[in-house]
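Okay, so here's the structure we're looking at.
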Amino acid sequence: DLWCQIVADVLGREVWQMEDPQAATVRGIAILGLVTVGWNNWKTLARNTPVRQRFHPKPTHARLYEELFHEFLARYRWESRRARRARKHP
């Protein structure tokens, strides 16, 4: 559940957690096939797809993840420069 909430927050999109997640890939392929050959449409399939839980993005979490990402980038750049210097002067 935590991972689904993080994905929703970072992407700023609603995330649906499917019932029986082990079969989600197979179900997704079947749905794509049905729509592709014209046997069904996305809206009907969405209404009939078993969803266990829906996760809505939380703006306060999104801001926190954005701040942490910028902190990560700054640290990564610093560590990269340090590693390059270490390789030049062992």
Side-chain angles (χ1 to χ4, degrees):
D1 291 356
L2 176 62
W3 184 245
C4 290
Q5 186 61 58
I6 290 171
V7 171
D9 296 339
V10 169
L11 297 179
R13 310 264 329 234
E14 182 180 49
V15 171
W16 294 8
Q17 185 181 57
M18 302 284 99
E19 283 291 339
D20 189 21
Q22 293 81 10
T25 303
V26 174
R27 186 181 299 121
I29 291 168
I31 288 171
L32 183 59
L34 289 171
V35 172
T36 301
V37 297
W39 288 357
N40 221 319
N41 63 56
W42 291 112
K43 288 182 182 181
T44 303
L45 290 167
R47 281 194 307 268
N48 296 315
T49 301
V51 176
R52 183 173 146 232
Q53 190 173 358
R54 293 179 183 183
F55 296 86
H56 301 278
K58 297 178 181 176
T60 54
H61 292 182
R63 283 191 294 276
L64 174 62
Y65 291 130
E66 185 71 22
E67 289 171 19
L68 290 171
F69 179 66
H70 288 294
E71 189 175 317
F72 164 78
L73 285 179
R75 175 63 123 176
Y76 176 80
R77 289 179 186 123
W78 184 84
E79 290 289 345
S80 294
R81 286 191 298 272
R82 194 176 126 211
R84 276 194 300 274
R85 284 193 303 270
R87 282 193 300 270
K88 288 180 182 178
H89 309 287

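None of the values given here were measured: they were computed from a predicted structure.
Between the side chains of Trp16 and Glu14, a donor-acceptor pair is found at a separation under 3.5 Å.
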Validation: residues 18-32 side-chain donor-acceptor distances under 3.5 Å, sequence neighbours left out:
residue	atom	partner	partner atom	Å
Arg27	NH1	Glu19	O	3.4

Can I get a per-line list of side-chain donor-acceptor pairs under 3.5 Å for residues 57-67, giving both atom names and the distance, sequence neighbours left out?
residue	atom	partner	partner atom	Å
His61	ND1	Asp9	OD2	2.9
Glu66	OE2	His70	NE2	2.8

Worksheet entry | Worked check of side-chain contact (heavy atoms from CB on, under 4.5 Å) between Arg85 and Lys88 | CA-CA 5 Å; Arg85 284 193 303 270; Lys88 288 180 182 178; 5.7 Å; no

Discussion item. Does Val7 form a side-chain contact (heavy atoms from CB on, under 4.5 Å) with Phe55? I'd like the steps, not just the answer.
Written reply: CA-CA 9 Å; Val7 171; Phe55 296 86; over 6 Å; no

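Taking 4.0 Å as the cut-off between side-chain N and carboxylate O, Glu79 and Arg75 count as a salt-bridged pair.
Summarising the geometry of His56 relative to Ala8, their closest heavy-atom pair is C-CB, 4.2 Å, with the distance given to 0.1 Å.
Rounding to the nearest 0.5 angstrom, the gap separating the CD atom in Gln53 from the CD atom in Gln17 is 5.5 Å. The OH atom of Tyr76 lies 11.5 Å from the CZ atom of Arg81; values are rounded to the nearest 0.5 Å. Atom CZ of Arg87 is separated from atom CZ of Arg82 by 11.5 Å, given to the nearest 0.5 angstrom.
Leu68 and Phe72 fall into different hydrophobic clusters, defined by Ile, Leu, Val, Met, Phe, Trp and Tyr side-chain heavy atoms under 4.5 Å apart, directly or through other members.
Within the 4.5 Å cutoff, no side-chain heavy atoms of Arg54 are placed close to those of Val15.
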